[in-house]
Amino acid sequence: MDQDDVRGDAVAAGSYSLRDKQLGFFGRIALFLRQVISELRKVVTPTRKELIKFTLVVLVFVLIVMGLVYGFDSLFGYVTHIVFGVPGN
């Protein structure tokens, strides 16, 4: 499959190619916009059940990462306190 079709659709490789044809500034912008619209048509909106599941997965992942960062911060703070001590004591 070749992605060089002007409409942004995938076509079988053939003699026609945009690489052979030089597009001007506005032609490249128009091609880009057509390809963006073509890709946006492929987007599938998740169902409510999928959206809730994905949201919960993200929140659990964020909580796990927060716990790891807190744990490492506490560990490094403790090690720094042991190595360097507290000035004035």
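- Rounding to the nearest 0.5 Å places CG of Asp73 at 9.5 Å from OG1 of Thr80.
- Between Ile52 atom CD1 and Thr47 atom OG1 the span is 8.5 Å, to the nearest 0.5 Å.
- Connection of Tyr70 to Leu63 is not established within any shared hydrophobic cluster, with ILVMFWY side chains joined at heavy-atom distances below 4.5 Å, either directly or through further cluster members.
- The side-chain contact (heavy atoms from CB on, under 4.5 Å) test with Val60 singles out one residue from Val58, Val57, Ile64, and that residue is Ile64.
- For the pairing with Ile37, the side-chain contact (heavy atoms from CB on, under 4.5 Å) check across Glu39, Gln35, Arg41 returns one residue only, Arg41.
- Follow the hydrophobic side-chain contacts under 4.5 Å out from Met66 and you never reach Leu59; the two are in separate clusters.
- Rounding to the nearest 0.5 angstrom, the gap separating the CG atom in Leu51 from the OG1 atom in Thr55 is 4.5 Å.
- When side chains are defined from C-beta on, Phe25 counts as touching Arg28, because their heavy atoms get closer than 4.5 Å.
- Panel note: side chain Ser38, backbone Arg34; no donor-acceptor pair is recorded below 3.5 Å.
- Note: the hydrophobic cluster containing Val43 also contains Val36 (ILVMFWY, side chain heavy atoms under 4.5 Å, direct or indirect links).
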